[in-house]
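Some notes on the structure that comes next.
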Amino acid sequence: MDLKTVPASQEQGWYLKLMAPNIKGPSYAWLDPSRLYCHPQALQDCVEDLVRPFRDDAIDQVIGIDAMGFVLGAAIAITLRKGFVTIRKAGHLCVETRTQTYRDYTDREKVMEIRTDAIGPGVRVLLVDQWVETGGTMQGAIELVERQGGVVAGIAAICIEDSDGGRWLKSHYKWSHCVAPLLMPQFNAHQLDSFHAFRTSLPRPEQPAMHPSHAFEPGAGGSPA
């Protein structure tokens with residue numbers, strides 16, 4: 001699917017087919033969700049789907065998690081007409097902060113931080129990230145908010161996978177994501193049917209150049225035009 005066409009039939013999560021597979025190897029995430037942000041209707045529909053369960057809820061602030069959670073978090077905050085707060089990787093904020101250690105989806109220990117003047121006792125927040133794979137980053141963000149007396153009113157991401165951490169989050173907090181139940185097995189397996197369209201559209205690898213002196217050797221399979 002290109003980045004301009006809007007399909008006539010827009011089933012739930014139609015825009016998920018825009019996401020691109022990883023072509024760079026195991027040191028990268030298994031797909032690129034941000035491709036759907038390039039499509040104007042896809043971005044709007046994605047945000048609307050994430051916001052829908054929370055429209056009538058008491059929410060004071062939206063918090064986006066570094067880094068791609070900033071994109072959806074800011075869009076959701078504007079849609080809900082709420083303020084927006086960032087949780088950053090440690091060392092980026094030049095104000096007084098509180099920090100929290102966590103393990104990300106690669107199982108590496110990291111530190112996140114949030115400014116101290118944005119979240120106080122009783123402030124109800126919606127936590128937003130682009131993706132929840134193991135749940136470690138989102139759990140760290142929850143702990144950081146709750147240590148300041150904030151209340152996590154909900155969590156939102158394009159996909160919350162059915163990992164141990166993902167299931168824990170779903171059982172303890174109100175949540176929203178964009179994936180229909182029938183598609184969850186594909187997302188949990190990190191292999192989407194829509195990836196086939198990308199494979200057929202990828203350019204063919206270049207063939208090694210043939211040395212001119214060998215171009216028309218007998219048995220080489222070619223003949224001069």
Side-chain angles (χ1 to χ4, degrees), residues 3 13 15-51 54 61-80 82-93 97 99-115 118 125-145 152 154-161 163 165-166 169-170 173 175-179 183 187-188 190 192 194-195 198:
L3 296 177
Y15 44 81
L16 297 175
K17 295 178 181 179
L18 288 162
M19 299 188 301
N22 168 10
I23 62 169
K24 289 191 173 181
S27 60
Y28 291 82
W30 67 277
L31 85 170
D32 172 33
S34 67
R35 188 172 184 267
L36 75 83
Y37 306 155
C38 304
H39 190 300
Q41 189 62 52
L43 178 57
Q44 292 178 53
D45 289 357
C46 175
V47 169
E48 183 56 38
D49 287 345
L50 292 175
V51 162
F54 302 105
Q61 296 274 21
V62 177
I63 297 180
I65 300 174
D66 198 339
M68 296 306 294
F70 296 167
V71 178
L72 289 176
I76 288 173
I78 291 171
T79 301
L80 293 176
K82 303 298 179 182
F84 179 65
V85 183
T86 62
I87 287 180
R88 301 295 310 273
K89 294 182 177 71
H92 291 287
L93 292 174
T97 63
T99 62
Q100 175 66 44
T101 58
Y102 69 102
R103 289 191 177 275
D104 69 2
Y105 70 99
T106 67
D107 200 35
R108 288 180 293 182
E109 185 172 273
K110 296 182 178 179
V111 181
M112 63 176 68
E113 65 180 357
I114 192 171
R115 60 188 309 128
V125 306
L126 175 60
L127 279 168
V128 181
D129 205 353
Q130 177 173 258
W131 205 270
V132 174
E133 187 170 332
T134 63
T137 302
M138 184 64 75
Q139 290 180 42
I142 289 171
E143 187 167 347
L144 185 56
V145 168
V152 177
I155 61 175
I158 293 175
C159 176
I160 303 174
E161 295 183 25
S163 59
L169 290 166
K170 290 175 180 178
Y173 296 91
W175 58 278
S176 70
H177 74 177
C178 303
V179 183
L183 292 178
F187 283 81
N188 292 328
H190 292 185
L192 308 185
S194 57
F195 285 174
F198 288 90

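Side chains are part of it too, since the values below use all heavy atoms of this structure and drop only hydrogens, waters and symmetry mates.
E143 is linked by a salt bridge (Lys or Arg N to Asp or Glu O under 4.0 Å) to nothing, counting only residues two or more places apart in sequence or in another chain. In terms of the side-chain contact (heavy atoms from CB on, under 4.5 Å) criterion, residue partners of N22 (sequence neighbours excluded) are, by chain and number, K24, Y28. Residues that satisfy the salt bridge (Lys or Arg N to Asp or Glu O under 4.0 Å) test with D45, not counting sequence neighbours, are absent from this structure. Under the side-chain contact (heavy atoms from CB on, under 4.5 Å) criterion, A157 pairs with V132, I160, not counting sequence neighbours. Every salt bridge (Lys or Arg N to Asp or Glu O under 4.0 Å) that K17 has, sequence neighbours left out, goes to E11. Annotation: side chain to side chain donor-acceptor pair (under 3.5 Å) contacts of W175 (sequence neighbours excluded): none. Every side chain to side chain donor-acceptor pair (under 3.5 Å) that R115 has, sequence neighbours left out, goes to D117. The ring-ring contact (aromatic ring centres under 6.0 Å, His included) search around H190 returns W30, not counting sequence neighbours. Applying the salt bridge (Lys or Arg N to Asp or Glu O under 4.0 Å) rule to R35 yields no partners; only residues at least two apart in sequence or on another chain are considered. In this structure, T79 has no side chain to side chain donor-acceptor pair (under 3.5 Å) partners at least two apart in sequence or on a different chain. Residues that satisfy the side chain to side chain donor-acceptor pair (under 3.5 Å) test with E113, not counting sequence neighbours, are T97.
A141 and I87 get closest at one heavy-atom pair: CB-CD1, 3.6 Å. Residue S176 comes nearest to L50 through the heavy atom pair OG-O, 2.9 Å, listed as atom of the first residue, atom of the second, then distance. Nearest heavy atoms, M19 versus F198: O-CE1, 3.2 Å. Taking all atoms of both residues into account, the shortest heavy-atom contact from V47 to A75 is CG2-CB, 3.8 Å. Heavy-atom minimum distance, G73 versus V128: N-CG1, 3.7 Å.
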Checklist entry - Are K82 and Q61 close enough, and set up right, to give a side-chain contact (heavy atoms from CB on, under 4.5 Å), and what steps lead you there? => result CA-CA 6 Å; K82 303 298 179 182; Q61 296 274 21; 5.6 Å; no
Checklist entry - After noting the C-alpha distance and the side-chain angles of F195 and L31, does the key distance pass the side-chain contact (heavy atoms from CB on, under 4.5 Å) rule? => result CA-CA 9 Å; F195 285 174; L31 85 170; 3.8 Å; yes
Checklist entry - Going through the distances and angles, do L126 and L80 end up as a side-chain contact (heavy atoms from CB on, under 4.5 Å)? => result CA-CA 11 Å; L126 175 60; L80 293 176; 4.2 Å; yes
Next on the checklist: Between I114 and I63, is the side-chain contact (heavy atoms from CB on, under 4.5 Å) condition met? List the steps.
Outcome noted: CA-CA 10 Å; I114 192 171; I63 297 180; 4.1 Å; yes
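To the nearest 0.5 Å, the span separating NE2 on H92 from CE on M112 amounts to 12.5 Å. In this structure, CD in E48 is found 11.0 Å from SG in C178, a value given to the nearest 0.5 Å. Atom CH2 of W131 and atom CD1 of I65 lie 15.0 Å apart (nearest 0.5 Å). With rounding to the nearest 0.5 Å, the separation of NZ in K170 from OG in S163 is 8.0 Å. For the atom pair CG (L183) and CG (N188), the distance works out to 11.0 Å, reported to the nearest 0.5 Å. Rounded to the nearest 0.5 angstrom, S34 OG and L43 CG are separated by 11.0 Å.
In this structure, a donor-acceptor pair under 3.5 Å is present between the side chains of Y37 and Q130.
For the pair Y105/T137, no side-chain contact is recorded, criterion being any heavy-atom separation below 4.5 Å from C-beta on.
Across V71, L16, L18, I158, a single residue satisfies side chain to side chain contact (heavy atoms under 4.5 Å, CB included) together with P33, and that is I158.
Residue pairs satisfying the salt bridge (charged side-chain N to carboxylate O under 4.0 Å, His left out) criterion with at least one member in residues 61-71, sequence neighbours excluded, are listed as follows: D66-R88, D66-K89.
T101 places no side-chain N or O within donor-acceptor distance of the main-chain N or O of K110, the cut-off being under 3.5 Å.
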